[in-house]
**Q** 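What follows is a structure written as structure tokens; I'll ask about it next.
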Amino acid sequence: MCGIVAAVAQRNVQEILLEGLRRLEYRGYDSSGMTVLNSGALTRHRALGKVASLAAQLATSALPGTCGIAHTRWATHGKPSEANAHPHHSSNQVAVVHNGIIENYERIKDTLQASGYSFTSETDTEVIAHLLAEKLATGLNLFEATQQIVNGLGGAYALGVMSAAEPSVVVGARQGSPLVVGVGIDEAFLASDPLALLQVTDRFIYLEEGDLVELREHGDIRIVDRQGNAVERPIQTFEHGDGAASKGNYRHYMLKEIFEQPDVISAALEGRLSDSSVLVESFGPDAQALFQSTRQVHIIACGTSYHAGLVARYWLERYAGVPVQVEVASEYRYRHPVVPEGTLFVTLSQSGETADTLAALRFAKTLSYIGSLAICNVPGSSLVRESDMSLMTRAGPEIGVASTKAFTTQLVALMLLTLSVSKAKGQPEQQDIVTALGALPALCQQVLVLDSQIETLSQAFAEKHHALFLGRGAHYPIALEGALKLKEISYIHAEAYPAGELKHGPLALVDSEMPVISVAPNDDLLEKLKSNLQEVRARGGQLFVFADERVGISEQDDVRVLTLPHVHEALAPLLYTLPLQLLSYHVAVLKGTDVDQPRNLAKSVTVE
Ligand code: G6P
């Protein structure tokens, strides 16, 4: 998704902005650009493709100046091209960077064209530059002009704007897309993601919906709310160290993040379990009462987070006895859901800024839920701020677009939720699961040791065009997640089926060119799964089975087996995720794809 970074400083800002853009690359983008104010003139470079292309332009023709804005674009209106890349200018008087979508831009564009403004891009954003120029021409300053035009913008936006007439001013506005102010010493910054600014500050102000901010020389920061009232927003210190934004010794962020899972799973559990019991208060002071009155749960999420929700359905129904519905946010938000009495609304999101999930929460708040809980990885994100309760997954920044550690820590949080709901309802303690959770990080470590074996297995996939993933019970969502990972980063078409559905269609696709991947934990569905696997073998399919050491599935010509350590049945979905992540990773590396930034995808989808 698009990214914004802006700075008003006492020093040259080009390198600060460029480094900010590099740090935003993980979000997914197709072009980038930068405008810096130099001796009263707006100077700009834009480039199609990677930030490295912009850096190359800057190396031959620098943009010196103490005030600037920069952007990575992910195309929504208009193809990826230099002309469509931000910043957009109006007569070299105004420069604008924008995240989000201006839904009423066509009508605004018609009016501006009728007034004589000509457009040089196909974007919705360019209307903002001309609207500002129109207002500035009436004698307003940049802040006042921005304040006036935002009321007429429909849709969602985070903006960073500057004017040639005001040499040390950047104005920002937020409505529906995240924007933070970085508080420096005698300097101030703006970004769509705090990670973009960790090289210059760890102190941030998270703007609220409708806020407008003005950054001036000497680090002056002025914020007004939607009504135009001056407001003070708290300065928060960013929790994760800057090291999280570097690859360390790993070839890709994704691999680093896969290998971080034992540590982040420990972090996700820390302080939330006693010896034999879950601490319900981890979810906040009201959790006990709320969970006690919870009769149903609705879980809403997108992408990988949705798969975590599907696993939680099995857990909450089996271990807490509570009926659960799970749905993707983009469907839920346009339905007319029936909310039975006593229903808790739960959102899952790594970023806490996914537009559909956020919209679903806002819609849910108009319905008769007993409360809302966000399970999220980003403290201070919109989802967390707008929910009644939240539980942080503590995965640390996840840079690889394909989600890995964020998913497994969500599963940990969801198991804590399951145990907490069960406990609050006075059901017998699930001590065995609590004990098994404590042992989970070490088991994950044992699975990661299998990396080189999985790398060897991956060679069988590099030339394939399709793959089928099978699982049963809570491992069906793990099969879905395995297929999603393979699609996302290796571009191999992959589908997942509950193993029992095989004979109702997908079996027709099975032949020697179709690898079939199955997870086979030692649970009560094992014998059924074994029969399904025989159905594959009988059709000449190549089987790849990730199996518990106790299940007794042996390697044969047409069956490759990777043996995993025994794990408590309840936690097997967590453990079996890891080898599937590694498999996708190695296949993608063999295929030579852009593992951390796969084509067409974005890390945080802040548009609908
Ligand atoms: C994008 C990302 C996925 C992620 C999904 C939901 O599609 O590429 O990795 O699962 O958004 O994001 P969230 O931040 O809400 O978990």
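One-based numbering, in listed order, for ligands and for the atoms of each. In this text, all values refer to a predicted model and were calculated from it rather than measured experimentally.
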**Q** Quickly, which of Leu391, Val278, Leu437, Val412 forms a side-chain contact (heavy atoms from CB on, under 4.5 Å) with Arg272? Name it, please.
**A**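 Option passing the side-chain contact (heavy atoms from CB on, under 4.5 Å) with Arg272: Leu391.
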**Q** State the atoms of ligand 1, each with its element, that fall below the 4.0 Å cut-off from a heavy-atom position in Ser403.
**A** 9 (O)
**Q** Tell me whether the centres of the aromatic rings in Tyr369 and His298 are closer together than 6.0 Å.
**A** yes
**Q** Go through ligand 1 atom by atom and flag the ones less than 4.0 Å from a non-hydrogen atom of Ser305.
**A**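 Selected atoms, number and element: 10 (O), 13 (P), 16 (O).
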**Q** Which of the numbered atoms in ligand 1 are under 4.0 angstrom from any heavy atom belonging to Ser349?
**A** 13 (P), 14 (O), 15 (O), 16 (O)
**Q** Return the residue, atom name and 0.1 Å-rounded distance of the protein heavy atom closest to atom 9 (O) of ligand 1.
**A** Val401 O, 3.2 Å
**Q** Write out the residue and atom name of the closest protein heavy atom to atom 10 (O) of ligand 1, then the distance separating them to 0.1 Å.
**A**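 It is Thr304 N, 3.0 Å.
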**Q** Does the side chain of Thr347 come under 3.5 Å of the side chain of Ser349 through a donor N or O and an acceptor N or O?
**A**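 No, Ser349 and Thr347 have no side-chain donor paired with an acceptor closer than 3.5 Å.
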**Q** Given 3.5 Å as the limit, does a donor-acceptor pair link the side chain of Asp596 with the main chain of Val401, or not?
**A** no
**Q** Would Gln581 and Gln261 count as having a side-chain donor-acceptor pair, cut-off 3.5 Å?
**A** yes
**Q** Determine whether Arg394 and Glu270 satisfy the following criterion, salt bridge (charged side-chain N to carboxylate O under 4.0 Å, His left out), listing intermediate values before the conclusion.
**A** CA-CA 10 Å; Arg394 300 180 183 159; Glu270 203 180 301; 5.7 Å; no
**Q** Please list the nearest protein heavy atom to atom 11 (O) of ligand 1 with its residue and the distance rounded to 0.1 Å.
**A**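 Result: Lys603 O, 3.9 Å.
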**Q** Report yes or no: does a heavy atom of Leu601 sit under 4.0 Å from some atom of ligand 1?
**A**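 So Leu601 does not count as touching ligand 1.
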**Q** N/O of Thr357 under 3.5 Å from N/O of ligand 1, yes or no?
**A** no
**Q** So which protein heavy atom does atom 12 (O) of ligand 1 come closest to, and at what separation?
**A**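 Looking only at protein heavy atoms, the one closest to atom 12 (O) of ligand 1 is Thr354 OG1, 3.3 Å.
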**Q** Please verify the inter-ring angle class for Tyr332 with Phe345; under 30° counts as parallel, over 60° as perpendicular, anything in between as tilted.
**A**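 If you compare the ring of Tyr332 with that of Phe345, the planes turn out tilted.
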**Q** Look at atom 1 (C) of ligand 1 and say which protein heavy atom is nearest, naming residue and atom and giving the distance to 0.1 Å.
**A** Ala602 O, 3.5 Å
**Q** Taking the six-membered ring of Tyr491, is NZ or CZ of Arg599 closer than 6.0 Å to its centre and within 45° of its axis?
**A**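 Yes, Arg599 and Tyr491 form such a contact.
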**Q** Can you pull out the closest protein heavy atom to atom 6 (C) of ligand 1? Residue, atom name and distance to 0.1 Å, please.
**A** Cys302 O, 3.4 Å
**Q** Between Leu348 and ligand 1, is there a nitrogen or oxygen pair with a distance under 3.5 Å?
**A**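 Not met; the criterion fails.
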